[in-house]
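Inspection log for the structure reproduced underneath, given as structure tokens.
Numbers for residues simply follow the sequence, beginning at 1.
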Amino acid sequence: AGLFAAALLAVAPATWLASARLHSDTTGLCVLLSALALLVAGLRDGSGRRMVAGAALLGLTLGVRLSYFPFVLSAAWLVLSYGRSQAKLAAIAFFLGITIWLVPLVVNDGLAALAGASVTQARGHFGRWGGTLLTEPELGKRLYALADGLGPAAFGFWPSGRPGWGVAAAIGALAAA
């Protein structure tokens, strides 16, 4: 499972795209794949320790990348379907994983400030700058933004008026390959 996760990270386009900019996607994906690998291994061989470790890492995953919550739902379905006898222990471990990152945030900033920042972030991400259909309904601008994001990661150039030498380097790299 570990080799598969490493291979997947090495070839997954999301890894390379996210690595071109400072985002939590790659780190979150690494923690998520580790958590799922432990969880599935624990379910396969009946190892409560692996399943608990995987559940705790899933809780930590939400601290790294909250948008990976749908994977938590899938993992919960797996635990309830195949590891029902250890579901309570897995749930405790999951909430412990959340507690590890959530309590320091609440203590440092306060619950009201954290809730306010969360609402502001959600409104901005889904309503102003998140790149969804709601934030940019015009197809041409969306395709340009996609090319702008893919340029540095996949092709070695920056299309938004940045230096054009990367285009020549990308063409040279493709010719050499």
Membership question, hydrophobic clusters at under 4.5 Å side-chain separation (ILVMFWY): are L111 and V103 in the same one? no
Same cluster or not: L29 versus V40, using hydrophobic residues (I, L, V, M, F, W, Y) connected whenever any side-chain heavy atoms lie under 4.5 Å apart? yes
Same apolar cluster: I92 and M51, side chain cutoff 4.5 Å: no
Would a hydrophobic clustering, with Ile, Leu, Val, Met, Phe, Trp and Tyr connected at side-chain separations under 4.5 Å, put L80 with F94? no
Transitive ILVMFWY side-chain link F95 to V72, under 4.5 Å: yes
Taking only residues at least two apart or on different chains, which pairs with a member in residues 53-62 satisfy side chain to side chain donor-acceptor pair (under 3.5 Å)? none
Taking ring-ring contact (aromatic ring centres under 6.0 Å, His included) as the cut-off, I'd like each qualifying pair that reaches into residues 27-71, sequence neighbours left out, listed once. Y68-F71
Minimum-distance pair of heavy atoms, taken over all atoms of L38 and A53: CD1-CB, 4.0 Å
Are the side chains of L78 and L36 in contact, using a 4.5 Å heavy-atom criterion? no
If you take all heavy atoms of A55 and A90, which pair is closest and at what distance? CB-O, 3.3 Å
As an exercise, state the distance from CG of L58 to OG of S34, rounded to the nearest 0.5 Å. 10.5 Å
Pairs satisfying side chain to side chain donor-acceptor pair (under 3.5 Å), at least one member in residues 80-100, at least two apart: W77-S81
Going from CG on L57 to CG on L33, what distance comes out if it is rounded to the nearest 0.5 angstrom? 11.0 Å
From CA spacing to verdict: side-chain contact (heavy atoms from CB on, under 4.5 Å), W101, L62: CA-CA 9 Å; W101 62 266; L62 295 181; 4.0 Å; yes
Hey, what do you get for CZ (R50) to CG (D45), rounding to the nearest 0.5 Å? 5.0 Å
Derivation and outcome, side-chain contact (heavy atoms from CB on, under 4.5 Å), residues L32 and V64: CA-CA 9 Å; L32 174 67; V64 176; over 6 Å; no
